[in-house]
Amino acid sequence: MSKQELDEILRVSRRNNQAVGVTGLLIVGGRRFLQALEGPSESVMTTYDRIKADDRHFAAVILSDREIAERSFSEWAMGYQPAGTPRAAGTVASDVAALIAPIIDPIVHAYFEEFAKKHAA
């Protein structure tokens, strides 16, 4: 997937998410994506259904679906970290660690941490 394709996905996702009150985080490793979506249940499920219907996606799986007391990514229409492309300030692992630090749920936190380890090479 090219940088332009990813930039377009992020542009559209951020616009759509902001319009329906969805926030989240997207980490990309090659052609694999791990994404957290949070917000009103109906908006999150509508967003997920739109993602699943996009023919660029296959084998979409919900790893966790539960009500949360507080958002982990309230400031981000869609936070993003490309695995394998470290920012100048650090490594992918440290960048992802900083991005996922707000995740309170230990299981969801572990999903992102392990995904970054596996796809950061």
Side-chain angles (χ1 to χ4, degrees):
M1 183 166 284
S2 72
K3 180 180 177 347
Q4 292 78 15
E5 288 173 304
L6 284 172
D7 288 345
E8 181 63 11
I9 287 170
L10 287 167
R11 186 187 68 73
V12 171
S13 295
R14 287 173 174 151
R15 180 197 66 212
N16 291 342
N17 291 353
Q18 190 168 30
V20 297
V22 170
T23 56
L25 172 66
L26 176 67
I27 298 181
V28 178
R31 294 200 53 84
R32 295 186 185 269
F33 293 74
L34 182 61
Q35 184 170 28
L37 298 172
E38 54 191 14
S41 182
E42 186 175 319
S43 296
V44 169
M45 288 314 298
T46 299
T47 299
Y48 177 71
D49 289 342
R50 186 176 56 250
I51 291 167
K52 272 192 344 187
D54 185 323
D55 62 5
R56 293 174 294 186
H57 298 97
F58 59 93
V61 175
I62 295 176
L63 298 174
S64 178
D65 177 14
R66 63 180 179 76
E67 189 125 346
I68 58 174
E70 181 180 333
R71 292 184 191 218
S72 295
F73 309 109
S74 61
E75 301 298 316
W76 301 337
M78 185 50 56
Y80 167 69
Q81 171 63 44
T85 311
R87 297 186 300 233
T91 66
V92 170
S94 64
D95 287 348
V96 170
L99 288 169
I100 66 174
I103 300 174
I104 297 165
D105 183 297
I107 295 170
V108 175
H109 193 277
Y111 286 142
F112 278 90
E113 189 173 54
E114 291 305 312
F115 183 89
K117 285 178 188 174
K118 182 172 184 167
H119 296 288

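Because the structure is a prediction, the values reported are computed rather than measured.
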Check ion pair Asp54-Arg50 (N to O, under 4.0 angstrom)
no

Under a 4.5 Å cut-off applied to non-hydrogen side-chain atoms, are [X] and [Y] in contact?
X: Ile9; Y: Arg56; value: yes
X: Arg66; Y: Asp105; value: yes
X: Asn16; Y: Thr47; value: no
X: Leu63; Y: Leu34; value: yes
X: Phe33; Y: Ile51; value: no
X: Val12; Y: Arg15; value: yes
X: Glu113; Y: Ile100; value: yes

Apply ring pair (Phe, Tyr, Trp, His ring centres under 6.0 Å) to Tyr111 and list each qualifying residue two or more places apart in sequence or on a separate chain.
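Here no residue qualifies.
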
Should [X] and [Y] be regarded as members of a common hydrophobic cluster, given that ILVMFWY residues are connected when their side-chain heavy atoms come within less than 4.5 Å of each other, either directly or indirectly?
X: Ile68; Y: Val44; value: no
X: Ile107; Y: Phe73; value: yes
X: Ile104; Y: Phe115; value: no

Between Glu38 and Ser72, what is the shortest heavy-atom contact and its length?
OE1-N, 3.0 Å

Ignoring hydrogens, what is the shortest heavy-atom contact between Ile27 and Phe112? Give both atom names and the distance.
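Closest approach of Ile27 to Phe112, heavy atoms only: CD1-CD2, 3.4 Å.
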
Is it the case that over 12 heavy atoms from other parts of the model lie below 6.0 angstrom from the CD atom of Gln18?
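Open.
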
Taking everything shown except Glu5 itself, do over 12 heavy atoms lie less than 6.0 Å from its CD?
yes

Tell me, with the steps shown, if Asn17 and Thr23 meet side chain to side chain contact (heavy atoms under 4.5 Å, CB included).
CA-CA 6 Å; Asn17 291 353; Thr23 56; over 6 Å; no

Polar side-chain atom of Ser64 near backbone of Val108 as donor-acceptor pair, under 3.5 Å:
no

Euclidean distance, Gln35 CD relative to Ile62 CD1, rounded to 0.5 Å:
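So the CD1 of Ile62 and the CD of Gln35 are separated by 11.5 Å.
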
